[in-house]
Amino acid sequence: MTIGYAPVASLLTERPPEEHLINKLPEQPPARGRSHTPSPLHQQYEVVYEDGMGNPLLAFSDGQWWDIASSSPRPVSVRFALRRDPAWSGAVVQTVCLWMRSHPEDERSFDLATELALAVGELARQRA
């Protein structure tokens with residue numbers, strides 16, 4: 001068995017993905033019995049996650065999570081988005097990471113990274 005050594009890219013110098021992959025946020029499959037025509041919410045937000053009944057739950061747009069379960073949407077933290085519905089927690093993290101990667105110069109990327117690190121740390125401590 002041969003072990004090869006090669007330069008390891010630094011995370012600090014890593015380039016964003018190819019242009020055709022940028023802004024391709026995870027898509028939610030349509031709920032059963034519903035067509036794939038975009039709803040007004042899907043046109044207003046980049047990503048909309050629904051509960052098991054197909055009711056809008058969380059939305060993401062321009063680096064901000066929104067609680068859209070009530071009558072008036074309100075901005076929420078990454079922590080809230082992760083805890084809102086554990087079934088969507090992986091997608092929440094994926095959405096945040098993809099947005100940060102495609103907006104490396106945006107100040108909001110640093111804020112999201114901080115929120116994500118704090119929320120994941122809290123959840124890990126609760127599991128221990």
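Values reported hereafter were calculated over all heavy atoms of this structure, with side chains retained and with hydrogens, waters and symmetry mates removed.
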Is any side-chain heavy atom of M100 less than 4.5 Å from a side-chain heavy atom of D106? no
Are V76 and L123 grouped together when hydrophobic residues (ILVMFWY) are joined by side-chain heavy atoms under 4.5 angstrom apart? yes
Looking only at heavy atoms, the pair that brings Y45 and S61 closest together is CD2-CB, 3.7 Å
Restricting to non-hydrogen atoms, name the atom on I68 and the atom on A59 that form the minimum distance, rounded to 0.1 Å. CD1-CB, 3.8 Å
Does anything in residues 86-98 pair up under salt bridge (Lys or Arg N to Asp or Glu O under 4.0 Å), and if so which pairs, sequence neighbours excluded? none
Just to verify, what does D85 make a side chain to side chain contact (heavy atoms under 4.5 Å, CB included) with, not counting sequence neighbours? L57, A87, W88
Suppose we screen for side chain to side chain contact (heavy atoms under 4.5 Å, CB included). Which residues come up paired with V93, at least two apart in sequence or across chains? L82, C97, L116
Go through the structure and list residues passing side-chain hydrogen bond (donor to acceptor under 3.5 Å, both in side chains) with R83, not counting sequence neighbours. E122, Q126
With side-chain contact (heavy atoms from CB on, under 4.5 Å) as the test, would you mind laying out the steps for D67 and R84 before giving the verdict? CA-CA 9 Å; D67 178 11; R84 184 68 170 101; 3.7 Å; yes
Going by the rule side chain to side chain contact (heavy atoms under 4.5 Å, CB included), which residues pair with P86 if we only count those two or more places apart in sequence or in a different chain? none
Main-chain N/O of R79 paired to E115 side chain as donor or acceptor, under 3.5 Å: no
Chi angles and distances behind the side-chain contact (heavy atoms from CB on, under 4.5 Å) call for Q64, L112: CA-CA 8 Å; Q64 179 63 57; L112 281 172; over 6 Å; no
For the student: nearest non-hydrogen atoms of S102 and P104, plus distance: C-CD, 3.4 Å
Can you tell which of F80, F60, W99 makes a ring pair (Phe, Tyr, Trp, His ring centres under 6.0 Å) with W65? F60
With sequence neighbours left out, what residues match D111 under side chain to side chain contact (heavy atoms under 4.5 Å, CB included)? R108
